[in-house]
*Asks:* 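Sharing a structure here in structure tokens format.
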Amino acid sequence: MKIYLSSNSPRRRELLAGLDIDFEVKVMEGIDESYPQDLPVEKVAEYISKTKAGAYKDVIGDDELVITADTIVVLNGQVMGKPEGREEAIGMLKALSGQTHQVITGVCLTTKTQQRVMSVVSEVTFKCLSDEEIFYYVDRYQPYDKAGAYGIQEWIGYVGVTGLKGSYFNVMGLPVQRIYQELRQMGVVTHGGMAPRE
């Protein structure tokens with residue numbers, strides 16, 4: 001089975017590579033990532049990952065599997081996507097300061113004949129961040145490609161995160177333990193990496 005990762009994220013590529021499976025990056029551009037506004041927040045990431053997977057349904061081969069994913073941050077029932085600029089990033093971090101929020105990654109594993117859809121939830125707690133810390137992080141790291149305007153593996157995670165419940169890698173953007181489990185159940189990988197080719 002040939003595996004494709006549909007993501008431009010270097011973090012997701014790094015995480016999937018950590019499973020010691022062979023894959024290629026294959027990204028379709030211009031996919032609509034909007035979602036119904038009445039959709040429960042816990043289903044949003046899953047919905048978007050399924051939308052991304054749908055773009056491949058007519059081009060996927062019999063021996064191919066596509067992994068699509070989407071990560072959102074949820075604070076007090078409100079979805080935080082990627083900030084559109086400096087002021088929005090600062091506002092998001094001020095809102096997260098001193099709070100516990102959820103990071104939800106939705107993942108689709110899609111082949112010609114089957115699809116597995118899942119959501120993995122982690123809880124992250126931030127200390128109270130000072131304006132100085134927020135400005136420093138936003139200006140130095142420019143986290144505009146990250147949901148909630150932060151990367152837990154960056155400086156802000158080192159100095160600001162006081163608690164984590166669930167998968168750290170899920171917060172980075174890919175719940176690799178769950179993906180590995182699902183790929184094993186599908187017979188795509190064995191305990192030592194890729195399943196042998198016939």
Side-chain angles (χ1 to χ4, degrees), residues 4-19 23-35 39 41-56 66-75 78-97 99 101-108 118-126 129 131-161 164 166-176 178-179:
Y4 294 102
L5 174 65
S6 174
S7 177
N8 284 316
S9 165
R11 297 170 299 282
R12 287 197 178 124
R13 291 198 295 269
E14 176 188 345
L15 289 170
L16 190 60
L19 292 181
F23 68 95
E24 295 178 22
V25 174
K26 186 175 187 178
V27 180
M28 285 195 178
E29 303 295 343
I31 298 173
D32 180 13
E33 296 188 18
S34 61
Y35 57 89
L39 194 67
V41 292
E42 63 271 14
K43 294 293 185 183
V44 169
E46 198 173 284
Y47 179 93
I48 296 172
S49 72
K50 282 182 72 173
T51 300
K52 291 177 180 178
Y56 293 87
V66 177
I67 301 173
T68 54
D70 190 76
T71 301
I72 61 169
V73 167
V74 179
L75 177 66
Q78 298 297 311
V79 175
M80 285 185 173
K82 298 171 184 175
E84 293 187 0
R86 183 177 187 271
E87 293 308 313
E88 190 172 4
I90 288 169
M92 286 182 177
L93 288 170
K94 285 186 175 183
L96 294 173
S97 175
Q99 302 290 323
H101 63 273
Q102 292 75 45
V103 179
I104 305 174
T105 301
V107 179
C108 268
M118 68 206 82
S119 288
V120 176
V121 183
S122 302
E123 289 190 356
V124 180
T125 302
F126 270 109
L129 300 165
D131 287 353
E132 181 184 27
E133 289 167 335
I134 291 172
F135 298 157
Y136 172 82
Y137 174 68
V138 170
D139 291 338
R140 184 176 176 91
Y141 290 87
Q142 300 186 344
Y144 309 133
D145 63 336
K146 298 175 179 66
Y150 80 93
I152 194 170
Q153 73 280 8
E154 294 178 339
W155 182 85
I156 198 76
Y158 282 71
V159 305
V161 172
L164 172 66
S167 167
Y168 173 82
F169 298 118
N170 184 56
V171 181
M172 281 181 67
L174 206 61
V176 282
R178 179 69 185 277
I179 289 172

*Asks:* So Val171 and Val161, do their side chains get closer than 4.5 Å, heavy atoms only?
*Replies:*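 Of all side-chain heavy-atom pairs linking Val171 with Val161, none is under 4.5 Å.
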*Asks:* Taking atom NZ of Lys43 as the centre, does the number of heavy atoms from other residues, nucleotides or ligands within less than 6.0 Å exceed 12?
*Replies:*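 12 or below, so no.
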*Asks:* Are the side chain of Glu88 and the backbone of Glu84 linked by a donor-acceptor contact shorter than 3.5 Å?
*Replies:*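 Yes: the side chain of Glu88 pairs with the backbone of Glu84.
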*Asks:* For residues Thr71 and Arg12, is any side-chain donor paired with an opposing acceptor at under 3.5 Å?
*Replies:*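 Yes, Arg12 and Thr71 have a side-chain donor paired with an acceptor closer than 3.5 Å.
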*Asks:* Which value, rounded to the nearest 0.5 Å, describes the distance between Glu154 atom CD and Arg140 atom CZ?
*Replies:*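 The CD atom of Glu154 sits 10.5 Å away from the CZ atom of Arg140.
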*Asks:* To the nearest 0.5 Å, what is the distance between CD1 on Ile31 and OG on Ser6?
*Replies:*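 Result: 5.5 Å between the selected atoms.
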*Asks:* Is Arg13 close enough and on-axis enough to Phe23, meaning under 6.0 Å and within 45°, for cation-pi?
*Replies:*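 Verdict for Phe23: no cation-pi partner in Arg13.
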*Asks:* Aromatic ring centroids of Tyr150 and Phe126 under 6.0 Å?
*Replies:*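 Ring centroids of Tyr150 and Phe126 are less than 6.0 Å from each other.
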*Asks:* Work out which heavy atom in Thr51 is nearest to a heavy atom in Asp32; give both atom names and the distance.
*Replies:*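 So the minimum-distance heavy-atom pair works out to CG2-O, 3.3 Å.
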*Asks:* For Cys108 and Ala53, which heavy atoms make the closest approach, and how far apart are they?
*Replies:*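 Of all heavy-atom pairs spanning Cys108 and Ala53, the closest is CB-CB, 4.0 Å.
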*Asks:* For atom CZ of Phe169, decide whether the heavy atoms of other residues, nucleotides or ligands shown that lie under 6.0 angstrom number more than 12.
*Replies:*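 Check fails, neighbour count at 12 or below.
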*Asks:* Quick one, Ile134 with Lys94, criterion side-chain contact (heavy atoms from CB on, under 4.5 Å). Give me CA distance, side-chain angles, the key distance, then yes/no.
*Replies:* CA-CA 8 Å; Ile134 291 172; Lys94 285 186 175 183; 3.6 Å; yes
*Asks:* Just verifying a value: how many Å separate Met172 CE and Ser122 OG, rounded to the nearest 0.5 Å?
*Replies:*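 Output value for this atom pair is 12.0 Å.
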*Asks:* Shortest non-hydrogen contact from Ala45 to Thr105?
*Replies:*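 Looks like CB-C, 4.1 Å.
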*Asks:* Got Thr68 and Met28 here, is their nearest side-chain heavy-atom distance under 4.5 Å?
*Replies:*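 A side-chain contact under 4.5 Å is absent here.
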*Asks:* First locate atom CD of Gln102, then atom CE of Met80, and finally report the distance between them rounded to the nearest 0.5 Å.
*Replies:*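 Between Gln102 CD and Met80 CE, I get 11.5 Å after rounding to 0.5 Å.
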*Asks:* What pair of heavy atoms forms the shortest contact from Ala69 to Leu174, and how long is it?
*Replies:*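 For Ala69 versus Leu174, the nearest heavy atoms are CB-CD1, 3.9 Å.
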*Asks:* Using the rule given for side-chain contact (heavy atoms from CB on, under 4.5 Å), can you reason through Asp145 versus Arg11, listing the C-alpha separation, both sets of side-chain angles and the distance that settles it, and then say yes or no?
*Replies:* CA-CA 11 Å; Asp145 63 336; Arg11 297 170 299 282; 3.7 Å; yes
*Asks:* What are the two closest non-hydrogen atoms of Val121 and Ile104, and how far apart are they?
*Replies:*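 That closest heavy-atom pairing would be CG2-CG1, 4.0 Å.
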*Asks:* Evaluate Tyr136 against Trp155 for side-chain contact (heavy atoms from CB on, under 4.5 Å), listing each step before the verdict.
*Replies:* CA-CA 10 Å; Tyr136 172 82; Trp155 182 85; 3.7 Å; yes
*Asks:* To the nearest 0.5 angstrom, please state how far the CG atom of Asp70 sits from the OG atom of Ser7.
*Replies:*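 Taking CG in Asp70 and OG in Ser7, the distance rounds to 9.5 Å.
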*Asks:* Can you confirm whether Arg86 is buried at CZ, in the sense that more than 12 heavy atoms of other residues, nucleotides or ligands lie under 6.0 Å from that atom?
*Replies:*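 Enclosed.
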*Asks:* Is any side-chain heavy atom of Tyr168 closer than 4.5 Å to a side-chain heavy atom of Gln153?
*Replies:*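 Side-chain contact under 4.5 Å: yes.
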*Asks:* Apply side-chain contact (heavy atoms from CB on, under 4.5 Å) to the pair Val120 and Val107, showing each step before the final yes or no.
*Replies:* CA-CA 8 Å; Val120 176; Val107 179; over 6 Å; no
*Asks:* Report yes if some heavy atom in the side chain of Val27 is under 4.5 Å from a heavy atom in the side chain of Tyr4; otherwise report no.
*Replies:*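 SC-SC contact between Val27 and Tyr4 ruled out.
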*Asks:* What distance do Ile72 atom CD1 and Glu42 atom CD have between them, rounded to the nearest 0.5 Å?
*Replies:*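 Going from the CD1 atom of Ile72 to the CD atom of Glu42 covers 9.0 Å.
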*Asks:* Can you name the nearest heavy-atom pair linking Glu46 to Ser119, along with the distance?
*Replies:*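 Answer, listing the atom of Glu46 first, then Ser119: OE1-OG, 2.9 Å.
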*Asks:* Do Ile152 and Val103 have side chains that approach each other closer than 4.5 Å (heavy atoms only, starting at C-beta)?
*Replies:*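 No, every pair of side-chain atoms sits at 4.5 Å or beyond.
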*Asks:* In the structure I gave you, are the side-chain heavy atoms of Tyr137 and Val159 within less than 4.5 Å of one another anywhere?
*Replies:*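 SC-SC contact between Tyr137 and Val159 ruled out.
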